[in-house]
> 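Before I ask anything, here is the structure I am working with.
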Number of protein chains: 2
Amino acid sequence: MASIKDVAAEAGVSVATVSRVLNDHPSVSDDARTRVLAAVQTLGYRPNAVARSLRTDQTRTLGLVISDVMNPYFTELARSVEEAARALGYSVIIGNADERPDLQDHHVRTLLDRRIDGLLVSPTDGGSPLMLEAARAGTPMVFVDRWIPGVDVPVVRADGQAAIRDLVAHLCRLGHRRVAIIAGPAATTTGSERVRAFREALAEHGVPLPDAYTGQGDFQAESGRRVTEGFLDLPEPPEAVFAADNLMALGALDAIRARGLRVPQDIALAAFDDIPWFVHTDPPVTAIAQPTGELGRAAVRALVDRIEGRHPRSVTLPARLVVRRSCGEGRDEHQTPVQRSTS
Amino acid sequence: MASIKDVAAEAGVSVATVSRVLNDHPSVSDDARTRVLAAVQTLGYRPNAVARSLRTDQTRTLGLVISDVMNPYFTELARSVEEAARALGYSVIIGNADERPDLQDHHVRTLLDRRIDGLLVSPTDGGSPLMLEAARAGTPMVFVDRWIPGVDVPVVRADGQAAIRDLVAHLCRLGHRRVAIIAGPAATTTGSERVRAFREALAEHGVPLPDAYTGQGDFQAESGRRVTEGFLDLPEPPEAVFAADNLMALGALDAIRARGLRVPQDIALAAFDDIPWFVHTDPPVTAIAQPTGELGRAAVRALVDRIEGRHPRSVTLPARLVVRRSCGEGRDEHQTPVQRSTS
DNA sequence: CCTCCTCGTGGAATCGATTACACGGTTGCG
DNA sequence: CGCAACCGTGTAATCGATTCCACGAGGAGG
């Protein structure tokens with residue numbers, strides 16, 4: 001592959017001049033410029049980004065470590081992050097942690113080794129030494145969706161508290177008194193906060209949330225299935241189940257079907273994170289929708305601010321309840337076109 | 001950030017010795033080794049992958065350019081590719097083309113600039129000059145799922161022909177004679193091959209596939225919706241619709257619901273690409289499942305073979321029909337656990 | 001006419017690693 | 001005892017860019 005030296009030789013100038021042309025530095029004669037451009041053309045020269053990064057100490061690359069690519073919520077987040085980054089001239093390298101702290105560390109490590117300019121993380125756990133150290137060392141970093149408490153890193157997230165309160169009101173209005181939750185890992189903020197918000201909202205309606213109705217999941221479908229089976233085995237099973245993410249809701253749906261039970265007649269179901277498929281499940285699932293695209297854009301904006309030396313503030317956007325039929329009442333969305341973020 | 005020089009100074013040795021320790025080269029004294037390791041520890045040194053890549057001319061990175069991340073099929077493919085690559089010591093950089101040739105080119109370009117060791121592509125179109133040139137220039141490359149005819153690059157894909165024949169048999173057995181297809185872009189191999197296989201299979205049953213029943217989609221949900229509306233507006237609408245990918249099936253479902261029609265009573269639906277959600281849609285959707293995980297692994301294996309100088313052959317794996325209720329008959333999968341690839 | 005800028009250009013240092021080569025000191029074998 | 005092989009180590013070249021500095025030419029101004 002042709003290097004800058006080859007171009008310089010072909011054009012009959014020095015490498016310095018070639019570099020200046022390529023970075024459109026003002027002081028280059030028109031003559032030299034055209035000769036260089038011609039040489040670039042004939043050699044099919046493409047600048048080596050690796051060499052450039054070494055010299056300039058910047059890669060124009062962002063790292064994004066997410067907890068689970070197979071979760072449509074994170075997929076959409078990744079998509080909007082890449083889009084926003086591209087608009088600002090950055091590339092994105094995605095690392096999929098699969099909800100495993102060791103994998104998360106692996107990705108953070110390789111991204112750091114590659115000298116990415118900044119890191120966007122949705123932490124799987126309470127924070128490994130590696131990540132804590134990176135944050136302390138001043139690596140530009142922004143948490144998105146989930147965060148690690150006590151670390152001085154901006155957080156971009158959606159606040160589900162109000163929406164969860166709406167959901168609880170909806171459940172109570174429909175007469176459900178025995179409601180359960182499938183929680184995410186306690187080590188994640190979204191894992192614990194959603195339970196807390198749910199419990200508090202229930203308390204406002206005088207409804208308790210016993211331990212037996214608080215299942216421990218890990219944000220993966222299989223755990224939703226397992227926890228739901230536990231609920232159904234209870235002498236007094238819950239009348240409604242709230243899954244803290246969409247995959248666990250899918251697992252719950254599986255478990256309920258496996259018993260031959262019907263939603264919502266036999267048991268109500270709701271989920272955190274709305275996805276296009278929830279419109280078409282049987283029945284359509286009531287869910288809490290995050291402004292995913294806006295979240296991704298805000299996260300990139302914050303991270304690039306940090307990279308460029310500014311000090312962005314944390315951003316919290318509201319989530320909202322989307323009522324469908326899985327809790328009993330609720331309209332159907334026959335007319336709604338499939339949701340897609342803007343291109 | 002500490003460099004190899006700092007480590008050398010701290011350990012009281014030369015940079016060469018530090019490098020030898022880090023790459024565990026045999027001829028280093030135990031004494032030097034321990035001193036270097038200690039220095040690495042105290043300085044928190046991490047080798048700069050950028051510098052290393054520049055020198056060694058390899059990045060241990062694979063590029064993966066897929067047509068659409070929001071499509072669960074490609075998400076799963078990406079996941080299995082990353083997993084297989086990681087096992088071989090490679091990282092993966094994913095580029096999402098969003099079914100747009102210009103975006104695809106953008107990603108190929110940046111990946112090439114980064115000097116990735118090899119490229120895995122599922123082309124959105126018939127092949128841009130850039131990609132053709134890269135292939136000709138000898139960039140290690142493998143096509144996955146889709147390919148560009150006439151280019152000497154190994155292809156890893158699933159053959160849906162047999163499964164499509166099974167599907168057609170299934171449709172005919174249920175008495176459907178007016179069947180339509182929502183095709184993908186003709187410029188993609190999967191776009192045209194699936195139509196061809198479908199048409200041929202229908203011919204075997206003496207069923208024609210008129211132009212009016214051949215809708216042109218682009219593998220995105222919205223196009224499935226639009227095409228399906230066209231079908232429903234026909235004086236004689238089809239009795240069954242086959243969508244060439246899962247997103248267009250989702251769009252079709254939308255359009256059908258919007259008219260207040262029921263699947264499968266009013267119209268049958270089937271899709272190419274099976275995804276976990278199809279089990280839970282209303283009704284569960286009959287689909288053709290590709291061995292996605294195996295596809296990803298085979299693709300990585302082939303690409304790494306090419307990188308290491310060997311000459312891998314193309315791989316074709318069989319797809320299979322999964323019958324559910326959306327075409328009329330078909331069992332339900334209440335007992336089936338949620339599908340996930342192995343971790 | 002001389003000095004001082006400005007402008008276009010090239011030489012060379014630099015980024016952080018790897019690695020060929022040289023060198024001094026042991027060790028082994030004849 | 002002497003020569004060769006070997007071992008551990010350091011010096012320096014190298015990868016492909018960017019960029020500081022110097023230099024020569026030419027124009028402006030005194």
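Since the model is a prediction, treat every value here as computed from it, not as a measurement. Within every chain, numbering begins at 1; the chains are lettered A, B, ... in the order of the sequence lines, protein sequences first and strands thereafter.
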> Of the residues in residues 13-24 of chain A, which ones touch DNA chain C at a heavy-atom distance under 4.0 Å?
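Of all residues in residues 13-24 of chain A, the ones placing a heavy atom under 4.0 Å from DNA chain C are A/V13, A/S14, A/A16, A/T17, A/R20.
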> Sorted by first residue and then second, give each salt bridge (charged side-chain N to carboxylate O under 4.0 Å, His left out) pair with at least one member in residues 118-144 of chain B; sequence neighbours left out.
B/E133-B/R136
> Please answer whether the main-chain N or O of B/H25 pairs with a side-chain N or O of B/N23 as donor and acceptor at a distance below 3.5 Å.
no
> Under a criterion of less than 4.0 angstrom to any heavy atom of chain A, what are the 5'-terminal and 3'-terminal contacting nucleotides of DNA chain C?
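Contact span on the strand: C/dG8 to C/dG16.
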> Going by the rule side chain to side chain donor-acceptor pair (under 3.5 Å), which residues pair with B/E82 if we only count those two or more places apart in sequence or in a different chain?
A/H107, B/R86
> So, is B/S27 near the phosphate of D/dT9, with a side-chain N or O under 4.0 Å from OP1 or OP2?
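No, outside the criterion.
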> Once salt bridge (charged side-chain N to carboxylate O under 4.0 Å, His left out) is applied, what residue pairs with a partner in residues 299-309 of chain B remain, sequence neighbours excluded?
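Residue pairs with at least one partner in residues 299-309 of chain B: B/E294-B/R301, B/D305-B/R310, B/E308-B/R310.
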> Checking B/T189 now: which residues fulfil side chain to side chain donor-acceptor pair (under 3.5 Å) with it, not counting sequence neighbours?
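Side chain to side chain donor-acceptor pair (under 3.5 Å) check on B/T189 returns nothing, list empty.
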> Which residue pairs pass the salt bridge (charged side-chain N to carboxylate O under 4.0 Å, His left out) test with at least one member in residues 9-20 of chain B, sequence neighbours excluded?
none
> Tell me, which of residues 30-54 of chain B have any heavy atom that sits under 4.0 Å from an atom in DNA chain D?
B/A32, B/L54
> With a 4.0 Å heavy-atom cut-off, tell me which residues in residues 108-119 of chain A come close to DNA chain D, sorted by residue number.
none
> When you measure from the side chain of A/S19 to the backbone N and O of A/V15, does any donor-acceptor pair fall under 3.5 Å?
no
> Does A/S122 have any side chain to side chain donor-acceptor pair (under 3.5 Å) partners at least two apart in sequence or in another chain, and if so, which?
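A/S122 satisfies side chain to side chain donor-acceptor pair (under 3.5 Å) with A/S67 once adjacent residues are dropped.
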> Closest-nucleotide mapping onto DNA chain D: is B/H25 or B/D57 further toward the 5' terminus? I mean the 5' end.
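On the 5' side of the pair lies B/H25.
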> Strictly distance-based, threshold 3.5 Å: is any side-chain N or O of B/R79 a donor or acceptor partner for the main-chain N or O of A/V69?
no
> So, A/D102 and A/R100, do they make that salt bridge, N to O below 4.0 Å?
yes
> Check the distance between D/dA17's C1' and A/D6's CG and give it to me in whole angstrom.
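Atom-to-atom, A/D6 to D/dA17, this comes out as 13 Å.
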> Between P on D/dA17 and CZ on A/R60, what's the gap in Å once rounded to a whole number?
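A/R60 atom CZ is separated from D/dA17 atom P by 18 Å.
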> Is B/T124 close to B/F219 at the side-chain level, that is, under 4.5 Å between some pair of heavy atoms?
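Heavy-atom side-chain distance check fails, nothing below 4.5 Å.
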> Only counting residues at least two apart or in another chain, list the ones meeting side chain to side chain donor-acceptor pair (under 3.5 Å) with A/N48.
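For A/N48 there are no side chain to side chain donor-acceptor pair (under 3.5 Å) partners, ignoring immediate neighbours.
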> Not counting sequence neighbours, which residues clear salt bridge (Lys or Arg N to Asp or Glu O under 4.0 Å) with A/R46? List them please.
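For A/R46 the salt bridge (Lys or Arg N to Asp or Glu O under 4.0 Å) partners, ignoring immediate neighbours, are B/D113.
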